[in-house]
Amino acid sequence: MFFMARMLAIKGDITELAVDAIVNAANTSLLGGSGVDGAIHRAAGPDLVHECRLLGGCKVGDAKITKAYRLPAKFIIHTVGPVWRGGNYHEPQQLAFCYKKCVYLAGRHNLRSIAFPSISTGIYRFPIEIAVRIALSSVQEEITKTPSIEEVIFCCFSDFDFQVYQQALNNENEIMP
Ligand code: AR6
């Protein structure tokens, strides 16, 4: 069966999205941090860190799911992106694993919509132009195996990131049959 979910970029705050799952760009402790991680923990409230404590951390490239507490989303999928160290330390593969594992977990929970921040491109310094290609290709590959997913949102926090995503999505559409 041919199936393709809608993929789109928006500019905004991921904590405000009423989707089935938002993705958190976390660290291996899963106990919170700054950037989007800090914003998600602040908005979700203290019950989130209590649930995260039970998860025993998370490896780079892996992902774990929790409830979303005070957020309008239903679930949070926490993933740990790689710190960029020049590109020769498996950072691209690790970033691809993050996106794929998040889509996989969303499928396991029968979720229909998922929103991603731009994983690793903030404090972890992954170059956005490389990260966006990995984000789109790995999500596209995994959603072909995940029929529950109808919509994938790439939630950009800056105008620049939004432009990069828009352009990459347009290029993808041009080469699609
Ligand atoms: N909504 C959407 N995107 C956001 C938001 C938001 N509310 N806030 C920031 N961003 P970063 P990383 C964007 O640094 O690079 C934390 O301390 C941001 O502009 O949050 O994966 C963790 O605990 C950027 O485009 O995540 C880790 O220690 C993107 O989210 C570390 O940072 C990711 O930036 C992870 O670093």
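Counting convention: from 1, in listed order, for ligands and their atoms alike. Residues take their numbers from the sequence shown, with the count starting at 1. Heavy atoms only: backbone and side chains are in, while hydrogens, waters and symmetry mates are out.
- Heavy-atom separations between Cys156 and ligand 1 are all 4.0 Å or longer.
- Applying the 4.0 Å criterion to heavy atoms of Asp37 picks out, from ligand 1, the atoms 22 (C), 23 (O).
- In terms of protein heavy-atom proximity, atom 15 (O) of ligand 1 is nearest to Gly122 N, 2.8 Å.
- Listed by atom number, the atoms of ligand 1 under 4.0 Å from Thr121 heavy atoms are 15 (O), 25 (O).
- For atom 25 (O) of ligand 1, the nearest protein heavy atom (residue, atom name, distance) is Asp161 OD2, 3.3 Å.
- Minimum heavy-atom separation, Ala5 to Ile143: CB-CD1, 3.9 Å.
- Here the shortest heavy-atom distance to atom 30 (O) of ligand 1, taken over Ile119, Val80, Val36, belongs to Val36.
- The protein atom (non-hydrogen) at minimum distance from atom 26 (O) of ligand 1 is Ala25 CB, 3.8 Å.
- Here CD1 of Ile65 is found 10.0 Å from CZ of Arg108. Values are rounded to the nearest 0.5 Å.
- Val132 and Ala168 make their closest contact through CG2-CB, 4.0 Å (heavy atoms, listed as atom of the first residue, atom of the second, distance).
- What sits closest to atom 21 (O) of ligand 1 on the protein, heavy atoms only, is Ser120 N, 2.8 Å.
- The only option from Ile114, Ile153, Ile76, Ile77 that meets the side chain to side chain contact (heavy atoms under 4.5 Å, CB included) definition with Ile22 turns out to be Ile76.
- Residues Met7 and Leu95 share a hydrophobic cluster, clusters being chains of Ile/Leu/Val/Met/Phe/Trp/Tyr side chains in contact below 4.5 Å.
- Among all protein heavy atoms, the one lying closest to atom 17 (O) of ligand 1 is Ser34 N, 2.8 Å.
- Taken to the nearest 0.5 Å, the OG atom of Ser138 stands 7.5 Å off from the CZ atom of Phe116.
- Regarding atom 14 (O) of ligand 1, its nearest protein heavy-atom neighbour is Ile123 N, 2.8 Å.
- Asp20 contributes a side-chain N or O that, together with a main-chain N or O of Arg112, makes up a donor-acceptor pair within less than 3.5 Å.
- More than 12 heavy atoms of other residues, nucleotides or ligands lie within 6.0 Å of CD in Glu129, so this atom counts as buried by the packing criterion.
- Ligand 1 has no atom lying under 4.0 Å from any heavy atom of Ser158.
- Residues forming a ring-ring contact (aromatic ring centres under 6.0 Å, His included) with Phe97 (at least two apart in sequence, or on another chain): none.
- With atom 10 (N) of ligand 1 as the reference point, the heavy atom nearest to it among Tyr124, Phe157, Phe154, Phe160 is part of Phe157.
- Of the protein's non-hydrogen atoms, the one nearest atom 7 (N) of ligand 1 is Asp13 OD1, 2.9 Å.
- Under a 4.0 Å heavy-atom criterion, Gly81 is not in contact with ligand 1.
- Ligand 1 lies nowhere less than 4.0 angstrom from a heavy atom belonging to Thr15.
- Counting atoms of ligand 1 from 1 in the listed order, those under 4.0 Å from a heavy atom of Gly12 are 1 (N), 2 (C).
- More than 12 non-hydrogen atoms from other residues, nucleotides or ligands lie less than 6.0 angstrom from NZ of Lys145.
- Close approach to Ser118 involves these atoms of ligand 1, each under 4.0 Å from a residue heavy atom: 25 (O), 29 (C), 33 (C).
- Residue-to-ligand polar distances place Asn27 within reach of ligand 1: an N/O pair is separated by less than 3.5 Å.
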Steps toward side-chain contact (heavy atoms from CB on, under 4.5 Å) verdict (Thr79, Cys58): CA-CA 7 Å; Thr79 190; Cys58 183; 5.8 Å; no

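- For residues 35-82, the pairs satisfying ring pair (Phe, Tyr, Trp, His ring centres under 6.0 Å) are Phe75-His109, with sequence neighbours left out.
- Shortest contact from atom 1 (N) of ligand 1 to any protein heavy atom: Ile14 N, 3.0 Å.
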